[in-house]
Amino acid sequence: MELAIFILTSLVAIVAALLVILQRNPIASVMYLVTTFVAQAILFIQLRAAFIAILQVIVYAGAIMVLFLFVIMLLNLRREDFGKDIKLRFKPLAIAFAMVLLIETLVVINASLVPAQPGADLSATFGSVQGVGKELFTTYLYPFELTSVLLIVAILGAVVMAKKKL
Amino acid sequence: MLEFILITIIKAVVVVTVLLLTCAWMTYAERKILARMQSRIGPNVAGWKGLLQPVADLVKLLFKEEVIPGGAQRALYLLAPLLAFIPAMLPIAMIPFGNKITLFGREINLVIANYDNGLLFILAVASLSVYGIVMAGWSANSKYSLLGGLRSSAQMISYEIGIGMSLIGIVLLAGTLNLVDIVGQQNVWYKWFIFRQPIGFLLYFVCAIAETNRAPFDLPEAESELVAGYFTEYSSMRFGLFFVGEYANMVTVATVATTLFLGGWQGPFLPPVLWFVIKAVAVLFIYIWIRASLPRFRYDQLMKFGWYVIIPLALANILVTALIDLL
């Protein structure tokens with residue numbers, strides 16, 4: 001049962017992820033990306049990380065992708081805008097980033113090839129809201145606070161750039 | 001295992017049927033109550049005092065011709081009503097609508113899923129409900145629809161934050177996200193969270209009205225400016241799906257408010273399920289009452305209200321609650 005769900009959701013996630021980049025309609029791309037995120041959330045639940053799964057849906061699928069949609073709709077792209085004449089200026093940069101991502105993926109796959117320990121040493125609160133919260137505010141307090149500072153700086157930057165005349 | 005699956009399926013079928021029937025007769029109740037408040041009679045032809053009006057509406061919707069506008073994004077246009085309908089039906093799975101009962105010698109929990117992160121699940125599903133509206137607005141290739149869709153996505157993003165924040169106070173006090181446990185903690189009337197979190201309740205209700213696109217926040221479908229907003233171009237049962245989705249969202253809001261703030265199924269003398277229904281119906285009535293009483297906001301007022309009033313108030317509410325809880 002669990003294996004069947006895993007195979008099904010993985011397939012959905014991979015196919016949807018491919019469709020994000022393989023077809024040209026940006027709105028459809030967003031919808032496929034949302035599908036990928038929801039499938040990933042189910043995979044997270046199977047990994048006993050329910051809190052991460054729900055955050056994945058709330059933050060990525062429910063908030064960030066809606067903003068993407070919003071921007072795409074406001075830009076009002078026509079069909080010819082995403083035709084063949086895409087500017088190729090950024091091609092070298094794109095290839096470099098893709099290489100970095102590819103290497104990173106290979107490293108992660110290589111690391112996960114070690115036979116995994118079955119979840120014997122999982123505590124009762126593993127992956128729950130209480131467990132994750134406690135870890136965030138004790139063991140990982142400094143990284144957590146640094147991340148929030150980073151987010152505030154990013155927001156401030158956006159406000160400064162958008163409201164120059166204010 | 002098999003027995004568990006069977007019982008869950010039966011519970012789900014019963015609950016969804018009741019939910020759909022409630023949605024259908026909500027339309028009747030709304031028209032009747034609005035009519036009464038405006039000194040009219042309301043629907044009174046189909047059946048006794050018009051009680052069969054929803055059936056007549058359904059039959060009419062089913063037999064209408066379905067028109068797809070030229071230049072519409074066909075696949076997304078056909079998918080959008082489902083994207084609006086399905087998230088509206090899901091949250092009811094987490095709502096406990098009664099105590100344990102014993103039926104045929106088995107103990108049955110009157111909730112479809114007793115899940116530890118139930119509250120978060122409801123918020124997650126609610127955050128997905130915006131897609132149906134945005135897709136409907138964009139794919140129809142109509143300016144009214146597009147404007148309605150844009151308005152609604154901005155409105156729903158803004159007020160979603162308010163909903164989440166208004167509920168944090170309860171989570172702080174209850175110390176759990178499990179809706180069954182939250183109801184269990186409200187076993188006497190003065191322990192209801194509406195008395196311990198009055199500001200939280202007000203904020204939740206205001207945000208929920210905005211989130212379900214109801215008056216006075218029904219700007220995505222403001223008739224005088226946008227015809228019918230994001231579902232202007234829809235016809236036949238796909239239009240009906242948007243309609244049922246909206247009412248299902250209202251029922252969800254009412255049941256969530258009942259569960260979190262009004263003590264759920266708890267109450268003296270009457271059976272628990274009846275208490276739950278009474279409370280939920282009372283919340284739904286207030287919904288309709290507000291629609292009959294208040295004029296529509298202007299769009300900039302709506303956004304300002306969301307960001308300058310609701311969210312600071314919700315933050316202050318969280319801080320005060322946390323302080324009191326600490327002391």
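Residue numbering restarts at 1 for every chain, and letters A, B, ... go by the order of the sequence lines.
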Derivation and outcome, side-chain contact (heavy atoms from CB on, under 4.5 Å), residues A:Phe6 and A:Ile42: CA-CA 8 Å; A:Phe6 171 74; A:Ile42 298 173; over 6 Å; no
Quick check on [X] against chain A: is it the side chain, the backbone, both or neither that has a heavy atom closer than 4.5 Å?
{"X": "B:Ala154", "result": "both"}
{"X": "B:Val134", "result": "both"}
{"X": "B:Asp116", "result": "neither"}
{"X": "B:Leu150", "result": "both"}
{"X": "B:Leu120", "result": "both"}
{"X": "B:Met135", "result": "side chain"}
{"X": "B:Leu79", "result": "neither"}

Can you see which heavy atom on [X] is nearest to which on [Y], and at what distance?
{"X": "B:Ser127", "Y": "A:Val57", "result": "OG-O, 4.0 Å"}
{"X": "B:Val183", "Y": "B:Pro96", "result": "CG2-CG, 3.9 Å"}
{"X": "B:Phe121", "Y": "B:Leu90", "result": "CE2-O, 4.2 Å"}
{"X": "A:Gln130", "Y": "B:Gly175", "result": "NE2-O, 4.3 Å"}
{"X": "B:Leu173", "Y": "B:Gln185", "result": "O-OE1, 4.3 Å"}

From B:Ile318 atom CD1 to B:Gln197 atom CD, the distance as rounded to the nearest 0.5 Å: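 B:Ile318 CD1 to B:Gln197 CD: 9.5 Å, rounded to 0.5 Å.
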A:Ala63, part contacting chain B, at a heavy-atom distance under 4.5 Å: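 Neither part.
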Exercise: do A:Ser29 and A:Gln23 side chains pair donor with acceptor under 3.5 Å: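 Result is yes, a qualifying pair exists.
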Donor-acceptor pair between A:Gln46 and A:Glu2 side chains, under 3.5 angstrom: no
With B:Val16 via side chain to side chain contact (heavy atoms under 4.5 Å, CB included) - residues at least two apart: B:Leu20, B:Met89
A:Ile14: partners by side chain to side chain contact (heavy atoms under 4.5 Å, CB included), with sequence neighbours left out: A:Leu18
Non-hydrogen side-chain atoms of A:Phe97 and A:Leu101 separated by less than 4.5 Å: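 Side-chain contact under 4.5 Å: no.
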Proximal to chain A - members of residues 306-313 of chain B, heavy-atom separation under 4.5 Å: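 Against chain A, none of the residues of residues 306-313 of chain B fall inside the cut-off of heavy atoms under 4.5 Å.
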B:Gln301 side-chain N/O to B:Phe297 backbone N/O, donor-acceptor pair under 3.5 Å: no
Heavy-atom contacts under 4.5 Å, residues 30-37 of chain A to chain B: A:Met31, A:Val34
